[in-house]
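Hydrogens, waters and symmetry mates are skipped; everything else that's a heavy atom, side chains included, is used.
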Amino acid sequence: KISNKNVLFYDWTKNINHKKITKKIEIAVVESYIAVEKDYRYISENFSTAVYLDDNIRIKYPKGIVLNGALFAEEMNYPKKANISYFLGSNYTLLQKPFWNNVSKHITRKIKTVLLTMGGIDAGNLTLKIIYWLRDFFPEIKILIPIGQNFKEMSEFQKLKKSDVKLIKGAGAIEMK
């Protein structure tokens, strides 16, 4: 439950019969890199409120709310439409509860450890390239990489087994903090 509301997690890629759940749901939150504009239009037309989590202006969104909590999101060129509310920038970053009350940390001048995160999946296959770049410019650092169960390049990482790279498998919010 969120604020005394019932929550339904629905994987639309496995069950296309949306009609069973529409109209009974007050807010539909969509986070997808594979849904097409037609899917978003259906959600916008059939749910009371549609919220789209976006980080790259992937499509032309229909009526609803676009939320992008990334740094500098407010500087991206989102189209201005009267029927869309935009919540952009770090003031709208979605954080799990363990990260809400962070204490200030002392930042040293010398970089010792880097947390390299690509959302647990690295859809753009950038992790290895960044590791090699970091090793070239900062040969003394330790690199921590959280990975999810869908991480694709595990065979490449087996070749990297060195003390400077540590893979963190399936870490939750508490472990990441």
Can you tell me how far [atom2] of [Y] sits from [atom1] of [X], rounded to the nearest 0.5 angstrom?
X: L128; Y: I130; atom1: CG; atom2: CD1; result: 9.5 Å
X: R58; Y: E37; atom1: CZ; atom2: CD; result: 8.5 Å
X: N46; Y: R41; atom1: CG; atom2: CZ; result: 12.0 Å
X: I59; Y: Y40; atom1: CD1; atom2: OH; result: 5.0 Å
X: E31; Y: D54; atom1: CD; atom2: CG; result: 10.0 Å
X: Y61; Y: S44; atom1: OH; atom2: OG; result: 12.5 Å

Shortest non-hydrogen separation from [X] to [Y] and the atoms involved:
X: D136; Y: P139; result: O-CD, 4.2 Å
X: I111; Y: I141; result: O-CG2, 3.3 Å
X: P146; Y: L116; result: CD-O, 3.3 Å

Under 3.5 Å donor-acceptor, D39 side chain and A35 backbone: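 Side chain of D39 to backbone of A35, a donor-acceptor pair under 3.5 Å: no, none is there.
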
Quick check on K38: does its NZ atom have over 12 non-hydrogen neighbours (other residues, nucleotides or ligands) under 6.0 Å away?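 Counting other residues, nucleotides and ligands, NZ of K38 stays at 12 neighbours or fewer.
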
Heavy-atom count check: over 12 atoms from other residues, nucleotides or ligands less than 6.0 Å from K166 NZ?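 Counting other residues, nucleotides and ligands, NZ of K166 stays at 12 neighbours or fewer.
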
Candidate pair R135 and D164, rule side chain to side chain contact (heavy atoms under 4.5 Å, CB included), full reasoning: CA-CA 9 Å; R135 282 179 168 173; D164 65 333; 2.8 Å; yes

Is a side-chain donor-acceptor pair under 3.5 Å present for Y92 with N68?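 Side chains of N68 and Y92: no pair found under 3.5 Å.
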
Are F72 and S90 close enough that some pair of their side-chain heavy atoms sits under 4.5 Å apart?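 With C-beta onward as the side chain, the pair stays apart.
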
Is there a path from [X] to [Y] through hydrophobic residues (I, L, V, M, F, W, Y) whose side chains come within less than 4.5 Å of each other?
X: L88; Y: V29; answer: no
X: I27; Y: V66; answer: no
X: L71; Y: L126; answer: no

In chain order, what residues pass the side-chain contact (heavy atoms from CB on, under 4.5 Å) check against I65, with sequence neighbours excluded?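 Applying side-chain contact (heavy atoms from CB on, under 4.5 Å) to I65 gives T49, V51, S85, F87.
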
Parallel, tilted or perpendicular: which fits the ring planes of Y78 and Y86, with parallel below 30° and perpendicular above 60°?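 The rings of Y78 and Y86 sit tilted, inter-plane angle from 30° to 60°.
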
Walk me through it: do I145 and I131 pass the test side chain to side chain contact (heavy atoms under 4.5 Å, CB included)? CA-CA 10 Å; I145 306 168; I131 289 171; 3.3 Å; yes

I would like to know whether L53 and V30 meet side chain to side chain contact (heavy atoms under 4.5 Å, CB included); could you show each step before the answer? CA-CA 6 Å; L53 305 183; V30 183; over 6 Å; no

Check the pair M76 / I57 against side chain to side chain contact (heavy atoms under 4.5 Å, CB included), numbers first and verdict last. CA-CA 8 Å; M76 296 172 71; I57 315 176; 3.8 Å; yes

